[in-house]
Amino acid sequence: CSGPLESPDSMGVMAEKTLGLVAFSALECAPPQWERIEPNFWCSLAQQVISQPNLGTLARTGLVDLVPNSAFGGRRELVFAHRAIQEFYAAEWASQDESRLANVAREYWQPKWHPVLKLLAGKIGEPLVRRIYPDAQHDNVLRSKLFLAVSCAAEAGVSEALSHQLFQDLLAAREAIRPLDTLGAMVDLGTEESLSYVWNQVERCVREKSYVPITDERLSALFYRDR
């Protein structure tokens with residue numbers, strides 16, 4: 001975008017709405033645009049919400065910057081200060097509209113949406129976790145919905161009943177998939193029964209001097225949670 005960058009002192013509602021629209025739409029692209037958003041793309045979206053003379057409002061937030069890029073004839077890319085900021089605003093935008101939320105939940109298999117879904121789980125709670133994973137009968141052979149639901153459950157603060165269901169389904173899936181994935185997911189779930197189970201498996205492996213089927217990162221997380 002070109003033009004003056006005079007802007008009000010505060011970001012305001014319009015700037016927040018613009019960031020949400022741009023962040024979400026950039027992730028919808030194939031391939032997605034991460035952090036650095038092309039000038040034509042973000043400008044056309046932004047001007048649906050905010051007038052061109054006030055585009056500088058976005059840069060004044062400190063959340064994004066408008067960076068000239070010679071590859072685009074000196075026009076400004078919109079650059080998020082961190083990928084997590086883009087994911088946060090994408091989640092906020094998705095949460096405000098059922099059709100957007102449904103699209104993200106439907107594309108659960110796309111890794112680009114996983115951080116967004118975890119943020120949405122923190123905002124919406126258990127209903128989103130159950131939407132992702134109703135039960136084992138609605139999952140695939142790799143149990144990808146189960147693993148995603150477990151990662152979201154830690155953000156959502158789900159009920160004891162759902163936590164127990166997820167733990168039991170992880171136990172049932174352990175023979176069908178890699179133990180490394182299953183035990184790691186149990187650590188992520190973080191309930192007393194899941195952590196106790198993993199500790200028992202680790203102690204057994206130590207006693208038998210066999211391979212401990214869990215990553216060092218998850219093992220460290222297990223230790224500190226148990227402390």
Side-chain angles (χ1 to χ4, degrees), residues 23-24 27-28 32 34-35 82-95 100-202 212-227:
F24 183 85
L27 292 185
E28 281 192 309
W34 290 109
E35 297 182 54
H82 194 280
R83 178 178 290 199
I85 295 173
Q86 181 180 358
E87 292 165 346
F88 170 81
Y89 274 99
E92 281 291 305
W93 187 250
S95 70
R100 293 193 290 262
L101 182 59
N103 287 340
V104 175
R106 188 164 47 247
E107 294 191 359
Y108 71 91
W109 50 271
Q110 293 260 26
K112 67 182 181 182
W113 293 122
H114 290 181
V116 175
L117 283 166
K118 290 175 72 172
L119 288 165
L120 283 166
K123 186 177 182 68
I124 297 172
E126 184 168 322
L128 180 63
V129 180
R130 291 189 177 277
R131 185 172 187 166
I132 293 169
Y133 181 73
D135 52 52
Q137 280 64 48
H138 291 84
D139 207 350
N140 53 50
V141 68
L142 297 177
R143 310 311 304 274
S144 55
K145 288 186 178 182
L146 171 60
F147 283 104
L148 179 58
V150 167
S151 68
C152 289
E155 303 291 333
V158 299
S159 65
E160 184 177 341
L162 179 55
S163 293
H164 181 68
Q165 176 194 337
L166 294 172
F167 172 68
Q168 291 296 322
D169 288 351
L170 285 171
L171 279 179
R174 192 166 178 225
E175 296 301 319
I177 53 181
R178 296 191 301 265
L180 184 71
D181 294 332
T182 308
L183 290 182
M186 289 180 180
V187 174
D188 292 342
L189 186 58
T191 63
E192 183 177 349
E193 66 177 345
S194 67
L195 295 177
S196 176
Y197 178 85
V198 177
W199 260 129
N200 290 337
Q201 295 301 304
V202 170
V212 180
I214 189 171
T215 64
D216 290 343
E217 180 183 2
R218 274 349 193 314
L219 196 58
S220 296
L222 173 65
F223 175 78
Y224 285 111
R225 286 194 183 201
D226 189 64
R227 300 287 288 180

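These numbers come from the heavy atoms of this one structure, side chains and all, not from hydrogens, waters or symmetry mates.
- Of the inter-residue distances, the one linking Lys118 atom NZ with Ser151 atom OG reads 5.0 Å to the nearest 0.5 angstrom.
- Atom CD of Glu192 has 12 or fewer heavy atoms from other residues, nucleotides or ligands within 6.0 Å.
- Distance CD/Glu160 to CD/Gln165: 13.0 Å, rounded to 0.5 Å.
- A donor-acceptor pair under 3.5 Å is formed between the side chain of Gln86 and the backbone N or O of Glu35.
- To the nearest 0.5 Å, atoms OH (Tyr108) and CZ (Phe147) are separated by 13.5 Å.
- Leu195 CG to Leu189 CG: the interatomic distance, rounded to the nearest 0.5 Å, is 8.0 Å.
- Annotation for Leu128 and Leu117: closest pair CD2-O, 3.7 Å, computed over non-hydrogen atoms.
- Remark: the backbone N or O of Trp93 is paired with a side-chain donor or acceptor of Arg100 at under 3.5 angstrom.
- In this structure, Arg131 and Ile124 have side chains that are not in contact, with every pair of non-hydrogen atoms separated by 4.5 Å or more.
- Checking side-chain atoms of Asn103 against main-chain N and O of Arg106 turns up no donor-acceptor pair under 3.5 Å.
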Going through the checks in order, is the side chain to side chain contact (heavy atoms under 4.5 Å, CB included) test met by Phe24 and Glu28? CA-CA 6 Å; Phe24 183 85; Glu28 281 192 309; 3.3 Å; yes
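- Looking at every heavy atom in both residues, Val198 comes nearest to Met186 through CG2-CB, 3.5 Å.
- Smallest separation of non-hydrogen atoms from Ala90 and Leu27: CB-CD1, 3.8 Å.
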Side chain to side chain contact (heavy atoms under 4.5 Å, CB included) between Val116 and Phe88, intermediate numbers included: CA-CA 7 Å; Val116 175; Phe88 170 81; over 6 Å; no
Can Ile132 and Cys152 be said to form a side chain to side chain contact (heavy atoms under 4.5 Å, CB included), step by step? CA-CA 9 Å; Ile132 293 169; Cys152 289; 4.0 Å; yes
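- How far OG1 of Thr182 is from CZ of Phe167: 11.0 Å, rounded to the nearest 0.5 Å.
- Residues Ser95 and Leu120 approach most closely at CB-CD2, 3.7 Å, considering heavy atoms.
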For Tyr133 and Leu148, run side chain to side chain contact (heavy atoms under 4.5 Å, CB included): C-alpha distance rounded to whole Å, both residues' side-chain angles, the deciding distance at 0.1 Å, then the answer. CA-CA 8 Å; Tyr133 181 73; Leu148 179 58; over 6 Å; no
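- Residue pairs that meet the salt bridge (charged side-chain N to carboxylate O under 4.0 Å, His left out) test with at least one member in residues 138-155, sequence neighbours left out, are Asp139-Arg143.
- In this structure, Ala173 and Leu146 approach most closely via the heavy-atom pair CB-CD2, 4.4 Å.
- In this structure, Ser194 and Gly190 approach most closely via the heavy-atom pair OG-N, 3.6 Å.
- Atom CH2 of Trp109 is separated from atom CG of Asn140 by 12.0 Å, given to the nearest 0.5 angstrom.
- The pair Lys123-Glu92 meets the salt-bridge criterion, with a side-chain N (NZ, NE, NH1 or NH2) lying under 4.0 Å from an Asp/Glu carboxylate O.
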